[in-house]
Amino acid sequence: MSNIVWHDHAVDKQSRAELKGQKPLVIWFTGLSGAGKSTLAGALEQALAASGKHTYLLDGDNVRHGLCGDLGFDDAARQENIRRVGEVAKLMVDAGLIVLTAFISPFRAERALVRNLLGADEFVEVFVDAPLAVCEERDPKGLYKKARAGEIRNFTGIDSAYEAPENPEIHLLNAGKPVEALVDELLTALRQRGLID
């Protein structure tokens with residue numbers, strides 16, 4: 001790394017954000033599998049796009065088809081998965097975008113690592129809080145059933161830990177509320193923080 005020097009460019013994050021008329025940031029959805037992260041992130045992105053915001057959604061399953069396709073699901077691989085996604089999210093914030101992410105991201109340390117890559121008001125942690133029993137009942141991909149049968153190892157909530165956020169910017173209880181109501185909660189919280197208009 002000693003022969004690598006950062007090169008500053010004339011067009012910077014601030015100018016890109018001004019062109020888009022928005023504050024760039026990362027809205028990081030975390031929670032158990034089946035908690036509703038992807039559904040909520042997608043619905044929020046639709047609402048933001050409808051209001052003229054420039055967005056991009058990084059989804060946990062989708063990045064495993066390319067950027068993180070070489071990674072498994074043990075703790076070290078999960079950590080590398082989040083590190084890579086954090087670096088991509090940082091680049092997208094630099095491009096002036098509102099980045100939404102939907103990742104189990106089970107470890108506090110990795111979520112903190114991503115937070116520390118960004119400016120003080122550029123990372124919004126959204127804890128999609130649904131009880132394990134509710135997530136297992138939903139089981140949209142049949143993964144809990146496979147994990148309980150021993151067909152999947154290192155599955156968060158079953159034989160791998162999930163470290164819930166201690167002080168998320170937004171804490172959503174998702175055990176039966178309609179998606180629209182939760183999106184309204186998200187939009188209200190983002191406006192109250194002055195992150196969107």
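Here, residue 1 is the first one in the sequence, and each next residue gets the next number.
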Exercise. If you look at every heavy atom in A161 and P106, which pair is closest and at what distance?
Worked result: O-CB, 3.4 Å

Exercise. Would L187 end up clustered with V179 when hydrophobic side chains under 4.5 Å apart are linked, directly or stepwise?
Worked result: yes

Problem set entry | Sole residue of Q14, K20, Q22 in side-chain hydrogen bond (donor to acceptor under 3.5 Å, both in side chains) with E18 | Q14

Problem set entry | Listed partners of R64 passing salt bridge (Lys or Arg N to Asp or Glu O under 4.0 Å), at least two apart | none

Exercise. Please walk me through it: do F73 and I152 pass side chain to side chain contact (heavy atoms under 4.5 Å, CB included)?
Worked result: CA-CA 10 Å; F73 290 91; I152 299 176; over 6 Å; no

Exercise. I170, L48: one ILVMFWY side-chain cluster at the under-4.5 Å cut-off?
Worked result: yes

Problem set entry | Residues which pass salt bridge (Lys or Arg N to Asp or Glu O under 4.0 Å) with K23, listed by chain and number, not counting sequence neighbours | D121

Problem set entry | Audit row: T156, L32, side chain to side chain contact (heavy atoms under 4.5 Å, CB included) steps and yes/no | CA-CA 7 Å; T156 304; L32 293 170; 3.9 Å; yes

Exercise. What pair of heavy atoms forms the shortest contact from V26 to A89, and how long is it?
Worked result: CG2-CB, 3.9 Å

For this session: Group every Ile, Leu, Val, Met, Phe, Trp and Tyr by side-chain heavy-atom contacts under 4.5 Å, then state whether L100 and I196 land in the same group.
Result: yes

Problem set entry | Residue pair R84, E87: steps toward the salt bridge (Lys or Arg N to Asp or Glu O under 4.0 Å) verdict | CA-CA 5 Å; R84 290 182 193 180; E87 292 289 349; over 6 Å; no

Exercise. Which value, rounded to the nearest 0.5 Å, describes the distance between E122 atom CD and K13 atom NZ?
Worked result: 3.5 Å

Exercise. Can you tell me if CD on E151 sees more than 12 non-hydrogen neighbours from other groups inside 6.0 Å?
Worked result: yes

Seminar exercise, completed: dist L71:CG -> Q79:CD (nearest 0.5 Å) comes out at 11.5 Å

For this session: State, to 0.1 Å, how close A35 and V128 come at their nearest heavy-atom pair, and which atoms those are.
Result: O-CG1, 3.3 Å

Problem set entry | Linked, directly or transitively: W28 and L97 (ILVMFWY side chains, under 4.5 Å) | yes

Problem set entry | Neighbour count above 12 (heavy atom, 6.0 Å) for R153 CZ | no

Problem set entry | CG/N167: more than 12 non-hydrogen atoms of other groups inside 6.0 Å | no

Problem set entry | Student check: side-chain heavy atoms of Q192 and T188 closer than 4.5 Å | yes

Exercise. Which pair of heavy atoms, one from Y56 and one from M92, lies closest together, and at what distance?
Worked result: CD2-CE, 3.5 Å

Exercise. Looking at side-chain heavy atoms only, is the closest gap between F29 and L44 below 4.5 Å?
Worked result: yes

Problem set entry | Of all pairs that satisfy salt bridge (charged side-chain N to carboxylate O under 4.0 Å, His left out), the ones with a partner from residues 41-61, not counting sequence neighbours | K53-D197, D61-K141

Exercise. Closest heavy-atom contact between G72 and A77?
Worked result: O-CB, 3.3 Å

Exercise. Say you draw a straight line from OG1 of T30 to CD1 of I82; how long is it, rounded to the nearest 0.5 Å?
Worked result: 8.0 Å

Problem set entry | Distance, nearest 0.5 Å, that separates CG of L57 from CG of N62 | 7.5 Å

For this session: Determine the minimum heavy-atom distance between L143 and S33, stating which atoms define it.
Result: CD1-OG, 4.3 Å

Exercise. What pairs of residues pass the ring-ring contact (aromatic ring centres under 6.0 Å, His included) test when at least one of them lies in residues 177-197, not counting sequence neighbours?
Worked result: none

For this session: Check step by step if salt bridge (Lys or Arg N to Asp or Glu O under 4.0 Å) holds for R78 and E110.
Result: CA-CA 9 Å; R78 286 174 181 273; E110 278 64 55; over 6 Å; no

Exercise. Would you call R108 and E125 a salt bridge, taking side-chain N to carboxylate O under 4.0 Å as the test?
Worked result: no

Problem set entry | Residue pairs passing the ring-ring contact (aromatic ring centres under 6.0 Å, His included) test where at least one lies in residues 174-197, sequence neighbours excluded | none

Seminar exercise, completed: Rounding to 0.5 Å, atoms CD1 (I27) and CG (L58) come to a distance of 12.0 Å

For this session: Could you list all the ring-ring contact (aromatic ring centres under 6.0 Å, His included) pairs where at least one residue sits in residues 144-181, not counting sequence neighbours?
Result: F127-H171, Y144-F155

For this session: Output the distance between atom CG (D129) and atom CG (N174), rounded to the nearest 0.5 Å.
Result: 9.0 Å

Problem set entry | K90 vs V93 side-chain heavy atoms within contact, under 4.5 Å | no

